[in-house]
Amino acid sequence: MIDIDITDRLFAAFGYVPSGYPKRTVMQTGMAAAYASDAAISIGLGRANIALIKNGIGANVFVDGSSFADLTLRNPENGKCYEFTGGLLSEATTGILAPPPMFTFDRGKNIVTTSIDGSDSVVVESFGCKPWKIVIDGILVDLENHQYPQAKMREFREMFEVNNSFEVLNCDIMADLGIENIYFEQITELKVLKDYQDTIQYKMVAHSIKPIEFFMK
């Protein structure tokens, strides 16, 4: 068994690993080795093109208001799925795009108020919840050749360019928040991770949406 440890990549990108502990805490307590196994990728002999992430990385782990979590997105037009999971990540494996990303959620309310003349009070006429704003941080890794992950970048671009919303599957934290569909608004960051030519770091902004609300002309 050969282990390829992506802990350092996660540290370099986010300063955290899916143990829930910040890098500084892990390093100060000497527990880096213990948590490294959470983000280790095991490659079986004779199957060097098949990589597995150990189970620990796939859990919902909260860090400073964010969380690492599995995510599967389905394009309702053609049924294609894009998986961000702790499963198979090699180029030879269909459907698995990246390790579980880190999520940050933000939501407000639509509130209409009317001021009362001669008073400090206001009348709330109507209010309702705005869609969730979802910031998604993650990495794309070429685990087979350890080169620039060209195939994964092309699939990532293809996913972003879909002019439709995606069905959210297999994501506990989004299910808990009542998020069933999302659409992508913006890629805010896309860069080669420093010191790791086989890893691209990305940041995307998405929003929750009800299926009936999405229209394309």
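All figures in this text were calculated on a predicted structure; none of them were measured in a lab.
Note: Phe105 and Trp132 have perpendicular aromatic rings, judged against thresholds of 30 and 60 degrees for the angle between ring planes.
Connection of Leu71 to Met159 is established within a shared hydrophobic cluster, with ILVMFWY side chains joined at heavy-atom distances below 4.5 Å, either directly or through further cluster members. Tracing side-chain contacts under 4.5 Å through hydrophobic residues (I, L, V, M, F, W, Y), one never reaches Leu193 starting from Leu97; they form parts of separate clusters. If you chain together hydrophobic residues whose side chains sit under 4.5 Å apart, Tyr148 and Ile187 fall into the same group. Connection of Leu169 to Phe184 is not established within any shared hydrophobic cluster, with ILVMFWY side chains joined at heavy-atom distances below 4.5 Å, either directly or through further cluster members.
For the 3.5 Å distance criterion, the side chains of Gln147 and Asp198 fail to qualify, holding no donor opposite an acceptor. When only modelled atom types and interatomic distance are considered, Tyr196 and Gln201 share no side-chain donor-acceptor pair under 3.5 Å.
Of all heavy-atom pairs spanning His146 and Gln197, the tightest one is O-NE2, 3.5 Å. In plain terms, the two heavy atoms of Ser208 and Pro131 that are nearest each other are O-CB, 3.3 Å. Counting all heavy atoms, side chain and backbone alike, Val168 lies closest to Ile182 at CG2-CG2, 3.8 Å. Taking each heavy atom of Met204 and Thr188 in turn, the nearest pair found is N-OG1, 4.4 Å. Across all their heavy atoms, Cys81 and Thr72 have their closest contact at CB-CG2, 4.1 Å. Of all heavy-atom pairs spanning Asp70 and Pro100, the tightest one is OD1-CG, 3.1 Å.
At a threshold of 4.5 Å between non-hydrogen side-chain atoms, the residues Lys80 and Glu158 count as touching. Ser165 places a side-chain heavy atom less than 4.5 Å from the side chain of Asn181.
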(message) Would Ile139 and Ile200 count as a side-chain contact (heavy atoms from CB on, under 4.5 Å) here? Give the steps.
(response) CA-CA 5 Å; Ile139 56 175; Ile200 297 292; over 6 Å; no

(request) For Phe166 and Asn75, run side-chain contact (heavy atoms from CB on, under 4.5 Å): C-alpha distance rounded to whole Å, both residues' side-chain angles, the deciding distance at 0.1 Å, then the answer. (result) CA-CA 5 Å; Phe166 289 89; Asn75 183 346; 4.0 Å; yes

(message) Quick one, Phe84 with Ile136, criterion side-chain contact (heavy atoms from CB on, under 4.5 Å). Give me CA distance, side-chain angles, the key distance, then yes/no.
(response) CA-CA 11 Å; Phe84 300 76; Ile136 306 172; 5.9 Å; no

(request) Just do the side-chain contact (heavy atoms from CB on, under 4.5 Å) check on Val135 and Phe103 with the steps written out, would you? (result) CA-CA 6 Å; Val135 179; Phe103 298 100; over 6 Å; no

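Here the two rings, on Tyr82 and Phe156, have centers that are 6.0 Å apart or farther.
Here OG1 of Thr104 is found 6.0 Å from CE of Met102. Values are rounded to the nearest 0.5 Å. The CG atom of Leu140 sits 12.5 Å away from atom CZ of Arg9, with the distance rounded to the nearest 0.5 Å. The OH atom of Tyr202 sits 11.0 Å away from the NZ atom of Lys152 when rounded to the nearest 0.5 Å. The CD atom of Glu185 sits 11.5 Å away from atom CD1 of Ile134, with the distance rounded to the nearest 0.5 Å.
A salt bridge does not link Glu155 to Arg157: none of the charged side-chain nitrogens sits closer than 4.0 Å to a carboxylate oxygen. Taking a cutoff of 4.0 Å between a charged side-chain nitrogen and a carboxylate oxygen, Arg74 and Glu167 qualify as a salt bridge.
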